Amino acid sequence: MKSLLRWLGKSSPQVDATVTAEAMESLIAQGNASEDRGEYQAARALYQRAIAMSPESARAHLNLGNALAGLGERNAAMASYDRAIGLQRDLLPAHLSAGALLLASGEPGAAERAYRRALEIAPASAAAWLGLGCALDDQSMDAEAAFRAALGLAPGHAGAASRLAQWLRARGRARDGLRVLEAALVDKPDEVLLLKTLGVIVASVGDPTRAYATNRRVLQVSPRDWEAWDNLLCNLNLIPEADASQILAEHRRFGEAMDQALEPAASAPVRHERKRLKVGYVSADFRVHPVSCFIEPLLRHHDRARFDVHCFYNFPSGDHITQRLFELAEHWHDIVGMSDEETARRIRDNGIDILVDLSGHTLHNRLGVFARRPAPLQFTWLGYLCTTGLRVMDYRLCDAYTDPPGQAESWQVEKPMRLPSSQWCYTPQVEPPTPSPLPMLTNGHWTFGSFNQEAKLNESVLHAWADILTATPGSRIRLLGVTCDLVEEKIRSIFAGHAVDASRIDIVGRLPKGVYFAAYRDVDIALDTFPYNGATTTCDALLMGVPVVTVAGNRALARGGVSLLSNVGLTEWIADSPQTIADVVKARIADPQGLAQLRAELPARMRASPLMDGPRFTRDLEALYLRAWEQRGT
């Protein structure tokens with residue numbers, strides 16, 4: 001919310017020339033300074049004092065609205081903006097701030113109206129054009145025109161360049177988006193917003209090395225930009241050449257930076273013994289998101305006689321999956337918009353014994369809450385298969401396949417807590433269709449498929465897959481979820497370099513979930529990415545009878561495929577290096593009838609495996625929780 005207000009306009013002493021009282025001006029200036037420090041409660045009190053001095057000051061009401069918005073008091077903030085506009089109809093920042101709040105509240109139509117009113121007041125306002133672009137329907141070409149109008153009025157405007165670049169990338173025009181950013185960076189090479197957006201886009205097209213370097217530049221300018229830290233660490237995990245020691249060192253640096261920012265160090269609250277342990281799960285992904293496929297079995301099967309289950313949800317909207325998970329949780333807490341300190345206080349007030357992070361360094365995480373140690377025991381699990389770097393994170397849930405005993409302890413800050421079978425238990429978000437017979441027996445050629453994100457399609461992966469097609473004459477490959485011009489060009493260029501004819505490559509965009517599952521019916525063998533293995537896509541493939549070939553890597557997230565395949569008895573599908581993937585595939589396809597039989601048996605094998613046994617998985621995890629609770633402090 002604060003960043004939106006900064007992009008789209010903020011009150012300044014020049015807005016309302018009618019206010020001349022030095023005392024009121026001083027209060028507003030003090031309030032602005034408090035806002036800049038994130039001290040919204042203090043800012044609100046100062047603005048309220050200013051209003052008491054001059055009840056008819058539109059600017060004082062505007063500033064109060066901004067403070068209330070920062071506190072998450074949406075209705076009160078809108079009332080303040082409306083009051084400011086009622087007092088001074090042409091007060092441009094009030095319309096801009098109202099638009100920003102409406103946009104952040106998920107009301108793009110109302111936000112659009114606010115920005116159009118702002119443009120009636122100031123047709124040359126770059127902030128109003130930027131806001132309008134943000135508010136317009138994502139599919140509307142008018143959004144691009146609005147962003148370009150903002151840039152035309154304010155060349156190099158970081159907010160406008162960033163939003164336009166993201167808009168272009170979302171429509172597959174990554175090259176155009178990068179041109180916008182690079183042009184803006186010429187005059188502002190250290191602009192944090194531009195650099196962060198550049199990092200996000202280059203990472204999304206499968207260039208994690210450049211993304212890592214870009215976020216390193218951000219941190220040189222702004223060492224405590226936690227979003228940049230998250231991006232940098234995620235990017236590092238995607239780099240094939242990175243090793244476990246380098247990854248751990250960077251995560252430690254993040255943890256040390258957060259420790260320094262929070263001095264003095266937080267301490268865990270004292271808990272009295274009670275019959276039921278209070279367990280809290282913190283995530284922004286209780287919705288249509290891969291994480292929900294793995295948290296649902298746990299919420300469904302938790303033993304309510306021993307565990308009191310709380311979900312802390314950090315996303316501004318929900319969907320049918322959110323509703324389903326809401327009904328499974330005993331207690332539901334919406335924490336979006338709450339500061340880390342306020343959220344930590346909420347967790348302490350609820351007496352949570354074991355707090356579980358489901359995000360790690362992924363989008364919308366709340367690691368800042370965990371850094372404040374609001375619970376006696378803290379775990380990380382599921383959404384980010386790597387260390388968090390936080391010294392106050394006690395355990396990381398994993399298994400012996402992803403984190404081999406005696407080896408993985410040196411990969412992480414946390415103590416690995418291994419589940420006996422797998423770190424995952426899966427349920428599909430929709431019921432998949434009936435699997436098909438082996439396509440090769442009908443069409444006469446092998447079809448390989450990838451269902452992974454574009455960001456995972458690095459050059460090493462594509463070269464290995466091209467080797468597979470070279471080793472299997474006449475075979476084809478289907479790459480689903482590819483929407484970007486630069487990614488498609490990279491794919492075609494690398495395969496052409498291996499003398500793979502373009503006619504053997506099918507590139508398909510994103511598909512709705514139901515259609516997506518049906519796409520597995522046309523694929524004989526699925527290909528896993530490395531070093532960042534798939535999880536949901538691998539489970540989806542196995543449930544549709546499609547075996548997956550993976551590579552056993554040298555760190556936890558590069559061994560997810562090992563865990564999944566081992567749990568369904570497919571260890572012969574695990575390659576020990578990228579160079580041996582083609583050999584593994586050739587060995588497996590030597591027996592088409594055997595593969596046809598495996599395809600017929602695999603869905604039932606998957607459903608009977610630990611990967612889909614919700615009650616068993618939950619009992620295993622609860623046993624770990626109880627053991628950790630008994631051992632705390634020892």
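Quick caveat, the model's predicted, so the values are computed rather than measured. Below, each value reflects all heavy atoms present in this structure, side chains not excepted, and no hydrogens, waters or symmetry copies.
Atom CD of E342 sits in a crowded spot, with more than 12 heavy atoms from other residues, nucleotides or ligands closer than 6.0 Å. Counting heavy atoms of neighbouring residues, nucleotides and ligands inside a 6.0 Å radius, atom CZ of R175 exceeds 12 of them.
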Checklist entry - Can S245 and W411 be said to form a side-chain contact (heavy atoms from CB on, under 4.5 Å), step by step? => result CA-CA 7 Å; S245 61; W411 297 351; over 6 Å; no
Item to check | Trace of the side-chain contact (heavy atoms from CB on, under 4.5 Å) decision for F451 with L511 | outcome: CA-CA 10 Å; F451 299 78; L511 299 174; over 6 Å; no
Checklist entry - Going through the distances and angles, do L479 and I491 end up as a side-chain contact (heavy atoms from CB on, under 4.5 Å)? => result CA-CA 9 Å; L479 300 161; I491 291 168; 3.5 Å; yes
Item to check | side-chain contact (heavy atoms from CB on, under 4.5 Å) between Q423 and L382, intermediate numbers included | outcome: CA-CA 8 Å; Q423 65 184 354; L382 196 58; over 6 Å; no
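For the residue pair T343 / R366, a side-chain donor-acceptor distance below 3.5 Å is found, with atom types taken as modelled. No donor-acceptor contact under 3.5 angstrom links the side chains of E489 and S493, judged on distance only. Side-chain atoms of S204 and R169 form a donor-acceptor pair, as typed in the model, at a separation below 3.5 Å. Counting only N and O atoms by type, the side chains of Y532 and N458 include no donor and acceptor under 3.5 Å apart. A donor-acceptor contact under 3.5 angstrom links the side chains of T550 and D528, judged on distance only. A donor atom on one side chain and an acceptor atom on the other are found under 3.5 Å apart for T388 and E414. Donor-acceptor pairing under 3.5 Å is lacking for the side chains of D357 and Y281. Side chain to side chain, D243 and N554 fail the donor-acceptor criterion of an N or O pair below 3.5 Å. Side chains of D319 and T322: a donor-acceptor N/O pair is present below 3.5 angstrom, by distance only.
Here S292 contributes atom OG and D285 contributes atom CG; the two are 8.0 Å apart, rounded to the nearest 0.5 Å. In this structure, CG in L469 is found 7.5 Å from CD1 in I505, a value given to the nearest 0.5 Å. To the nearest 0.5 Å, the span separating CD on Q166 from SG on C134 amounts to 9.0 Å. Going from atom NZ of K196 over to atom OG of S162 covers 9.5 Å, rounded to the nearest 0.5 Å. Note that CG of L92 and CG of L96 are 4.0 Å apart. Values are rounded to the nearest 0.5 Å. Atom OG1 of T470 is separated from atom CH2 of W465 by 14.5 Å, given to the nearest 0.5 angstrom.
Applying the salt bridge (charged side-chain N to carboxylate O under 4.0 Å, His left out) criterion to R559, with sequence neighbours excluded, gives no partner residue. With sequence neighbours excluded, the residues satisfying salt bridge (charged side-chain N to carboxylate O under 4.0 Å, His left out) with R210 are E182. With sequence neighbours excluded, the residues that form a side-chain contact (heavy atoms from CB on, under 4.5 Å) with A464 are F530, I581. For E144, the salt bridge (charged side-chain N to carboxylate O under 4.0 Å, His left out) partners are R148, R173, not counting sequence neighbours.
With contacts defined as side-chain heavy-atom distances shorter than 4.5 Å, the pair H95/Y115 does not qualify. Contact annotation: the side chain of L564 approaches that of W424 to within less than 4.5 Å [non-hydrogen atoms, C-beta and beyond]. Between E35 and Y40 there is a side-chain heavy-atom pair separated by less than 4.5 Å. Side-chain atoms of D506 and I477, non-hydrogen and from C-beta on, never get closer than 4.5 Å to each other. You'll find the side chain of E191 stays beyond 4.5 Å of the side chain of L195, heavy atoms only. Here the side chains of W381 and L358 are in contact, with some heavy-atom distance below 4.5 Å. Residues V356 and V282 are not in side-chain contact: their nearest non-hydrogen atoms beyond the backbone lie 4.5 Å or more apart. A 4.5 Å side-chain heavy-atom check between N237 and P531 finds every atom pair outside the cut-off.
Scanning all heavy atoms of the two residues, the minimum distance from T536 to P290 falls at OG1-CB, 3.2 Å. For the residue pair G255 and L390, the shortest heavy atom distance occurs at CA-CD2, 4.4 Å. When all heavy atoms are compared, the tightest approach of Y81 to A98 is CD1-CA, 3.7 Å.
If you run side-chain hydrogen bond (donor to acceptor under 3.5 Å, both in side chains) between N365 and each of T380, D230, N314, only D230 comes through. Of the residues listed (L168, V205, V202), the one engaging L178 in a side-chain contact (heavy atoms from CB on, under 4.5 Å) is V202, and it is the only one.
Y212 places no side-chain N or O within donor-acceptor distance of the main-chain N or O of A203, the cut-off being under 3.5 Å. A side-chain donor-acceptor contact under 3.5 Å links T197 to the backbone of L193. A donor-acceptor pair under 3.5 Å links the side-chain atoms of W229 to the main chain of P223, judged by distance alone. Without hydrogens or angle criteria, T537 side chain to G534 main chain gives no donor-acceptor distance under 3.5 Å. Using modelled atom types, one side-chain atom of K490 and one backbone atom of G206 make a donor-acceptor pair closer than 3.5 Å. In this structure, the side chain of Q378 engages the main chain of V392 through a donor-acceptor pair within 3.5 Å. With hydrogens and angles disregarded, no donor-acceptor distance shorter than 3.5 Å links the side chain of R116 to the backbone of L132. Between the T387 side chain and the V413 main chain, a donor and an acceptor come within less than 3.5 Å of each other. Of the possible donor and acceptor atoms, one in the side chain of E454 sits under 3.5 Å from a partner among the backbone N and O of T483. Using modelled atom types, one side-chain atom of K188 and one backbone atom of G156 make a donor-acceptor pair closer than 3.5 Å.
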May I have the list of side-chain donor-acceptor pairs in residues 215-222 shorter than 3.5 Å, sequence neighbours left out?
unit_1 : atom_1 : unit_2 : atom_2 : d
N215   : ND2    : A211   : O      : 3.1
N215   : ND2    : N235   : OD1    : 3.0
R216   : NH2    : E250   : OE1    : 2.8
R216   : NH2    : E250   : OE2    : 2.3
R217   : NH2    : P189   : O      : 2.7

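A salt bridge is absent between E256 and R252: the closest approach of a Lys/Arg side-chain nitrogen to an acidic carboxylate oxygen does not fall below 4.0 angstrom. Using a cut-off of 4.0 Å between Lys/Arg side-chain N and Asp/Glu carboxylate O, D501 and R504 are scored as not salt-bridged. Between E107 and R74, at least one side-chain N (NZ, or NE/NH1/NH2) sits under 4.0 Å from a carboxylate O, which counts as a salt bridge.
Classification of the H364-F315 ring pair by plane angle, with boundaries at 30° and 60°, yields perpendicular. The aromatic rings of H498 and H463 lie tilted to each other, with the angle between the two planes from 30° to 60°. A tilted orientation is assigned to the rings of H251 and Y384, their planes being inclined by 30° to 60°.
Listed by first and then second residue, the salt bridge (Lys or Arg N to Asp or Glu O under 4.0 Å) pairs that reach into residues 456-469 come to none, sequence neighbours excluded.
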